[in-house]
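Okay, structure first, notes after.
Numbering starts at 1 and runs along the sequence shown. All of these numbers come straight from a predicted model, not from anything done at the bench.
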Amino acid sequence: MDSFLKSIASPSVLVVDEIGYFNMSKEEANHFFQIISKRYEKSSTIFTSNLVFSKWVQVFAGDKIVTTAILDRVLHHSHIINIQGDSYRLKEKKQTGVLHSEIYKFEAKSSNIEGQNKEVV
């Protein structure tokens, strides 16, 4: 692990694409923390994710302490870019009408929250 940790901690920029796509085991989450810790305030790290930060705990084996430690280092000095809207990858499919297929339809569900009807998608 030491040689791997050194090799991944050394690049000036590290891109972690789609954090949360796979959940980590407790051991993997601890190794990931070590990587972030080694890079903290020394090198740039870019993350992409579809998850809000409050959901990252599930990625890191449900370990709130490790998740908090990771987020503490990740968010300090960070620039957060929240991109909302249609997927760039699906732009062409939308233009050709493929997105109107059943695969991309989400049924709205009604929920009654404190006496108010809210629509949840």
Side-chain angles (χ1 to χ4, degrees):
M1 177 62 181
D2 287 337
S3 64
F4 175 73
L5 188 56
K6 285 178 185 175
S7 69
I8 204 159
S10 64
S12 58
V13 177
L14 174 68
V15 178
V16 180
D17 190 27
E18 287 295 337
I19 189 105
Y21 186 72
F22 293 109
N23 291 337
M24 298 180 191
S25 69
K26 201 164 188 87
E27 183 180 8
E28 291 166 334
N30 285 319
H31 289 311
F32 191 77
F33 168 75
Q34 290 177 30
I35 293 166
I36 297 305
S37 188
K38 289 273 188 204
R39 297 183 58 78
Y40 176 61
E41 292 192 322
K42 296 178 187 139
S43 305
S44 297
T45 307
I46 298 170
F47 294 89
T48 67
S49 181
N50 290 328
L51 295 177
V52 294
F53 296 122
S54 63
K55 300 286 185 188
W56 281 32
V57 71
Q58 67 195 34
V59 175
F60 300 114
D63 190 325
K64 290 181 182 179
I65 294 171
V66 169
T67 304
T68 300
I70 290 169
L71 283 172
D72 184 58
R73 286 156 181 79
V74 167
L75 296 175
H76 187 226
H77 304 305
S78 71
H79 299 278
I80 299 169
I81 301 169
N82 187 6
I83 301 171
Q84 295 180 350
D86 293 339
S87 168
Y88 177 78
R89 291 183 196 104
L90 298 179
K91 181 180 177 183
E92 185 180 303
K93 300 294 182 195
K94 188 175 183 179
Q95 290 171 345
T96 61
V98 173
L99 278 182
H100 297 292
S101 75
E102 291 299 314
I103 294 172
Y104 299 103
K105 289 187 181 173
F106 297 92
E107 186 176 310
K109 296 178 182 175
S110 249
S111 70
N112 192 350
I113 300 172
E114 294 182 23
Q116 298 175 345
N117 284 329
K118 303 254 182 184
E119 200 167 274
V120 181
V121 179

Enter the distance from [X]:[atom1] to [Y]:[atom2] here, rounded to the nearest 0.5 Å.
X: Thr68; Y: Phe33; atom1: OG1; atom2: CZ; value: 11.0 Å
X: Leu14; Y: Ile35; atom1: CG; atom2: CD1; value: 7.5 Å
X: Lys64; Y: Leu71; atom1: NZ; atom2: CG; value: 13.0 Å
X: Phe53; Y: Ile70; atom1: CZ; atom2: CD1; value: 12.5 Å
X: Arg39; Y: Ser12; atom1: CZ; atom2: OG; value: 8.0 Å
X: Phe60; Y: Ile65; atom1: CZ; atom2: CD1; value: 14.5 Å

Residue pair Ser25 / Ala61: nearest heavy atoms and the distance that separates them =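 Smallest heavy-atom distance, with atoms named: C-CB, 3.7 Å.
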Counting C-beta onward and ignoring hydrogens, is there a side-chain heavy-atom pair between [X] and [Y] closer than 4.5 Å?
X: Glu41; Y: His76; result: yes
X: Val52; Y: Lys55; result: yes
X: Val66; Y: Asn30; result: yes
X: Ser37; Y: Tyr40; result: no
X: Phe32; Y: Val59; result: no

message = Taking Ile19's backbone N and O only, do any of them form a donor-acceptor pair with Ser49's side chain (distance below 3.5 Å, no angle check)?
response =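 Answer holds: yes.
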query = Has the side chain of Ser78 got a donor or acceptor atom that lies under 3.5 Å from a matching backbone atom of Ile80?
reply =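 No.
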message = Heavy-atom count check: over 12 atoms from other residues, nucleotides or ligands less than 6.0 Å from Ile8 CD1?
response =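 It does: Ile8 CD1 has more than 12 such atoms within range.
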Report yes or no: do [X] and [Y] belong to one cluster of Ile/Leu/Val/Met/Phe/Trp/Tyr joined by side chain heavy-atom distances under 4.5 Å?
X: Met24; Y: Leu51; result: yes
X: Ile81; Y: Val16; result: no
X: Val13; Y: Phe47; result: no

query = Does the pair Val74 and Thr45 meet the rule for a side-chain contact (heavy atoms from CB on, under 4.5 Å), with working shown?
reply = CA-CA 8 Å; Val74 167; Thr45 307; over 6 Å; no
